[in-house]
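Okay, so here's the structure we're looking at.
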Amino acid sequence: MSEAKDQNENSGQEPENQPEAADQQPTADALGQAEAILNEAAAGAEADAEQPEDAGAVETELRNDLLRLQAEYVNYRKRVERDRAVARENAVQSVLNTLLPVLDDIDAARAHGDLTDGPFASIANKLDSVLAQHGLERINEAGVEFDPNVHEALLRQAVPEIPADHVGQVLRTGYRKGTTILRAAQVLVATGE
């Protein structure tokens, strides 16, 4: 009796406790899912020959699954390309930020007349042109209207021939790349007196 009882328990539980192999390992990527659908379609082709009325429904379902997977893959590619562009832009901005102190030293050397000619002047000019190719722009105009998004006001003082709330003098050059301000220009703001 115990053997019959064991057989009844085992026979009743085996089909319920054994999930299908396809359910145990879900495919993670779109290509794996597409392969699974194609394999399912090949296996289902034999069943479709026996049941012609369900063939159209199965074919439509498989076509919809493939179209969905194709759309997911296209969206994935677009997202990866967009992320690469953002990563590239962040890398360029990071390099430009680390070069700002070097550019300050070059500007100071130019102001003192140390870079009028010679090999170091040539190197400084090449560096400026390379950075301009990467989109670096200087913010160093005097006489423009003061913009707190672009300028950092250090002083307010009367400056001849400059109207109130305009940049009287640039004390430290600012830099921008596109619409991103890497460093605000430190300026003296005219009071207009």
Side-chain angles (χ1 to χ4, degrees), residues 1-103 126-139 141 144-152 173-185:
M1 282 254 249
S2 65
E3 292 177 31
K5 184 178 177 183
D6 288 340
Q7 288 177 352
N8 287 339
E9 289 176 2
N10 288 339
S11 66
Q13 292 178 353
E14 285 181 16
E16 296 174 1
N17 290 335
Q18 294 181 352
E20 294 181 27
D23 292 339
Q24 288 177 351
Q25 299 176 354
T27 54
D29 60 347
L31 294 176
Q33 289 178 358
E35 282 184 37
I37 290 172
L38 291 174
N39 291 339
E40 181 182 317
E46 297 168 1
D48 288 345
E50 295 172 5
Q51 300 174 353
E53 64 276 352
D54 292 336
V58 170
E59 182 180 325
T60 302
E61 181 182 343
L62 291 174
R63 182 178 293 121
N64 290 339
D65 286 345
L66 286 174
L67 289 174
R68 179 185 52 81
L69 287 173
Q70 182 182 18
E72 286 177 5
Y73 181 70
V74 167
N75 289 337
Y76 169 76
R77 276 193 15 223
K78 288 179 182 178
R79 186 172 54 249
V80 166
E81 289 170 5
R82 187 175 52 244
D83 291 347
R84 282 184 187 158
V86 168
R88 187 179 315 113
E89 184 67 23
N90 288 340
V92 169
Q93 285 182 4
S94 175
V95 169
L96 292 176
N97 277 327
T98 58
L99 288 175
L100 294 183
V102 174
L103 295 175
K126 286 179 184 177
L127 180 62
D128 286 341
S129 67
V130 168
L131 295 176
Q133 288 175 356
H134 286 287
L136 185 69
E137 299 174 31
R138 293 176 184 268
I139 305 170
E141 294 180 60
V144 298
E145 187 174 353
F146 175 77
D147 181 1
N149 297 318
V150 177
H151 303 109
E152 179 182 350
T173 302
Y175 295 94
R176 84 173 98 213
K177 180 172 183 339
T179 58
T180 304
I181 303 297
L182 300 176
R183 183 176 75 190

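Numbering starts at 1 and runs along the sequence shown.
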Residues which pass salt bridge (Lys or Arg N to Asp or Glu O under 4.0 Å) with [X], listed by chain and number, not counting sequence neighbours:
{"X": "Asp147", "result": "none"}
{"X": "Glu89", "result": "Lys177"}
{"X": "Glu137", "result": "Arg176"}
{"X": "Arg68", "result": "Glu72"}

Distance check, rounded to the nearest 0.5 Å: [X] atom [atom1] versus [Y] atom [atom2]?
{"X": "Leu99", "Y": "Ser94", "atom1": "CG", "atom2": "OG", "answer": "9.5 Å"}
{"X": "Leu131", "Y": "Leu103", "atom1": "CG", "atom2": "CG", "answer": "5.5 Å"}
{"X": "Gln93", "Y": "Thr98", "atom1": "CD", "atom2": "OG1", "answer": "12.0 Å"}
{"X": "Ile181", "Y": "Ile139", "atom1": "CD1", "atom2": "CD1", "answer": "4.0 Å"}
{"X": "Thr173", "Y": "Leu100", "atom1": "OG1", "atom2": "CG", "answer": "10.5 Å"}
{"X": "Asn64", "Y": "Glu59", "atom1": "CG", "atom2": "CD", "answer": "10.5 Å"}

Got a sec, which residues hit ring pair (Phe, Tyr, Trp, His ring centres under 6.0 Å) with Tyr175, two or more places apart in sequence or on another chain?
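Scan of Tyr175 (ring pair (Phe, Tyr, Trp, His ring centres under 6.0 Å), adjacent residues dropped) gives none.
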May I ask you to test the Val144-His151 pair for a side-chain heavy-atom distance under 4.5 Å?
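Sidechains of His151 and Val144: in contact.
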Could you list the donor-acceptor pairs under 3.5 angstrom formed between side-chain atoms of residues 76-88 and any protein atom two or more places apart in sequence or on another chain?
none

